[in-house]
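Below, each value reflects all heavy atoms present in this structure, side chains not excepted, and no hydrogens, waters or symmetry copies. Just so we're on the same page: letters track the sequence lines, and every chain starts at 1.
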Protein chains: 2
Amino acid sequence: MLTQAIQDYLKLIYRFEAEGRRPSTNDLARGMDVAAASVTNMLKRLADLKLVTYASYRGVSLTDSGRLIALEMLRHHRLIETYLAQALGYSLDQLHDEAEHLEHHISEQFEERIDALLGYPRYDPHGDPIPSKEGLIPPRCNQALSEAALDVDWVVRRISDHSKELLRYLMHCHLVPETKLRIMDRAPFEGPLTLRIGETEVMVGYKAACYVYVEQVDRGA
Amino acid sequence: MLTQAIQDYLKLIYRFEAEGRRPSTNDLARGMDVAAASVTNMLKRLADLKLVTYASYRGVSLTDSGRLIALEMLRHHRLIETYLAQALGYSLDQLHDEAEHLEHHISEQFEERIDALLGYPRYDPHGDPIPSKEGLIPPRCNQALSEAALDVDWVVRRISDHSKELLRYLMHCHLVPETKLRIMDRAPFEGPLTLRIGETEVMVGYKAACYVYVEQVDRGA
DNA sequence: TATATTTTTTAGATTAGACTAAAAAATATA
DNA sequence: TATATTTTTTAGTCTAATCTAAAAAATATA
């Protein structure tokens, strides 16, 4: 079994690669909250284990087996979040911390049981796709609410779990996955948006709206 | 937070103390599957942390705060086992390994949620008492099936989770908590016992029966 | 009681993962 | 292009937890 530290480094590198960035040593040091020298140290070890390819001063990238481990952790994380929300009634802002610990410590069996119990969910409570056992991540909706068009019916599909404060604010505004809304007005200079959710009007700050991703509601259906 | 190693040492010392034994360095080395020197080393550290009282060559015992931590782990372990059995359908022989890992990694919140969901259970699936938050362990049934009287109605209250093999054998014989039975015959020289469980007769080896604890069924009720 | 055996501890090494300070390489600026 | 700045790596230290081999203490045996 790999250590938790190794799994965490792989996850972090994966996140950078997933958004098309090749992480620098400093990026990883900031992300792991350790000194840059510690990262260099670890990257050598990961390279010895054939989990990354790494050459001094040249940056790092995951090997296939490294990526597989990162994806397994991501799958655990999102499956556990879904379970905590559905089966144990956790709220959106309580999910991350618990899942971050548990993801390293569940067995294959546990994973399978909760997956089955939840009915093999494809998305976690934030709307992020849960990687399948085969490791593929299906595409996801990427239209920020902050930039979405007025006078159209939208449904929230995904929110970022950037921070607990953000999540609490979004919960307060009812901006959680599956909420249907219309944008009534958008103040100039990145000002607040006025939304209609059901019968009520809601104001949301521009910045927060950047972390909410919406999809157009099918007219026909 | 204490390390997992520390928690495991405390648990092991607790188990010895619970059966009235004062563990020797060698006892702990065998139990932890490490060298005796490693135990000496760790005992010094535990003593520094005021989790045990320890003097060279004099053996070890838990302090109140050490015992509290051991009890918290035991509570986690048994609560998790109960949860895995009730909510996720684990069988008796699958409980221990998963709980042994998870017990170190759940939050206070997780503990409370599963406790509530299970209806604040007092016994785990083996029939062992789940320590309450206050740390008290209620008494438990201690009459071994191997020594129990014939021609009386018994109910299994507790089985030891000595090993997976034992548990599988007991499951096969239907000797699990809440099973009602009568002892029909006991072969001499620690030979097998013949039981009547409901309509059917079951034979069980003497040794296995030593790990099954029974209580007399109330005549009136 | 004296000696032999067993148990426990000490001493010193190892590994994973962190640290700081200094050196080296890469990049940016004049 | 030469110099300054930033980034990365090297070198050496630290802690937790383990190990082995040897020494010391406790216990058992003659």
Not counting sequence neighbours, list each pair that qualifies as a side chain to side chain donor-acceptor pair (under 3.5 Å) and has a residue in residues 24-37 of chain B.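 Side chain to side chain donor-acceptor pair (under 3.5 Å) check on residues 24-37 of chain B returns B:R21-B:D27, B:S24-B:D27, B:D27-B:R30.
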Presence of B:K44 side-chain N/O under 4.0 Å of C:dT9 phosphate oxygens OP1/OP2: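 Negative; the distance criterion is not met.
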Would one find a side-chain N or O of A:S38 under 4.0 angstrom from OP1 or OP2 of C:dA18?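 Answer no for this pair, as no side-chain N or O of A:S38 is under 4.0 Å from OP1 or OP2.
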How close or far is atom [atom2] of [N] from atom [atom1] of [X], stated in whole angstroms?
| X | N | atom1 | atom2 | value |
| --- | --- | --- | --- | --- |
| A:N41 | C:dA16 | CG | P | 10 Å |
| A:D33 | C:dA18 | CG | P | 11 Å |
| B:M32 | D:dT18 | CE | C1' | 11 Å |
| A:L43 | C:dA16 | CG | P | 15 Å |

Taking the side chain from A:T63 and the backbone from A:K50, do they hold a donor-acceptor pair closer than 3.5 Å?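 Flag set: sc A:T63 to bb A:K50 pair under 3.5 Å.
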Quick check on contacts: within residues 46-66 of chain A, what sits under 4.0 Å from DNA chain C by heavy-atom distance?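 When residues 46-66 of chain A is checked for heavy atoms under 4.0 Å from DNA chain C, the hits, listed by number, are A:Y57, A:R58.
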Residues from residues 4-28 of chain A sitting under 4.0 Å of DNA chain C, heavy atoms only?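 DNA chain C contact set from residues 4-28 of chain A: A:A5, A:Y9.
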Identify, with sequence neighbours excluded, every residue that meets ring pair (Phe, Tyr, Trp, His ring centres under 6.0 Å) alongside B:Y211.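 For B:Y211, the residues satisfying ring pair (Phe, Tyr, Trp, His ring centres under 6.0 Å) (neighbours in sequence not counted) are B:H162.
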Sequence-distant partners of A:H104, ring pair (Phe, Tyr, Trp, His ring centres under 6.0 Å), two or more places apart: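 Expected list: none.
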Just grab all the salt bridge (Lys or Arg N to Asp or Glu O under 4.0 Å) pairs involving residues 79-94 of chain A, residues at least two apart or on different chains.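 For residues 79-94 of chain A: A:D93-A:R168.
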Check: B:H105 ring centroid to A:H105 ring centroid under 6.0 Å: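 Distance test on ring centres: under 6.0 Å, yes.
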For residues 65-90 of chain A, pull every pair meeting ring-ring contact (aromatic ring centres under 6.0 Å, His included), keeping only residues two or more places apart or in separate chains.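 Those involving residues 65-90 of chain A are A:H77-A:H96.
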All pairs passing ring-ring contact (aromatic ring centres under 6.0 Å, His included) where residues 13-71 of chain B contributes a residue, at least two apart: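 For residues 13-71 of chain B: none.
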Please convert DNA chain D into dot-bracket. A pair counts if it is Watson-Crick or G-U wobble with both distances under 3.5 Å; crossing pairs go in [ ] and bases paired with another strand get |. ||||||||||||||||||||||||||||||
Sequence neighbours excluded, which residues qualify as side-chain hydrogen bond (donor to acceptor under 3.5 Å, both in side chains) partners of B:E178?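 B:R157.
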With sequence neighbours left out, what residues match A:S163 under side-chain hydrogen bond (donor to acceptor under 3.5 Å, both in side chains)?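 A:S163: no side-chain hydrogen bond (donor to acceptor under 3.5 Å, both in side chains) contacts found.
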Among C:dA18, D:dT9, D:dC19, which nucleotide sits nearest the side chain of A:T40?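 Closest nucleotide to the A:T40 side chain: D:dT9.
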For a quick test of your reading: what N or O donor-acceptor pairs under 3.5 Å do the side chains of residues 131-144 of chain A make, sequence neighbours left out?
| from | atom 1 | to | atom 2 | distance (Å) |
| --- | --- | --- | --- | --- |
| A:S132 | OG | A:E134 | N | 3.2 |
| A:S132 | OG | A:E134 | OE1 | 3.3 |
| A:N142 | OD1 | A:R158 | NH2 | 3.1 |

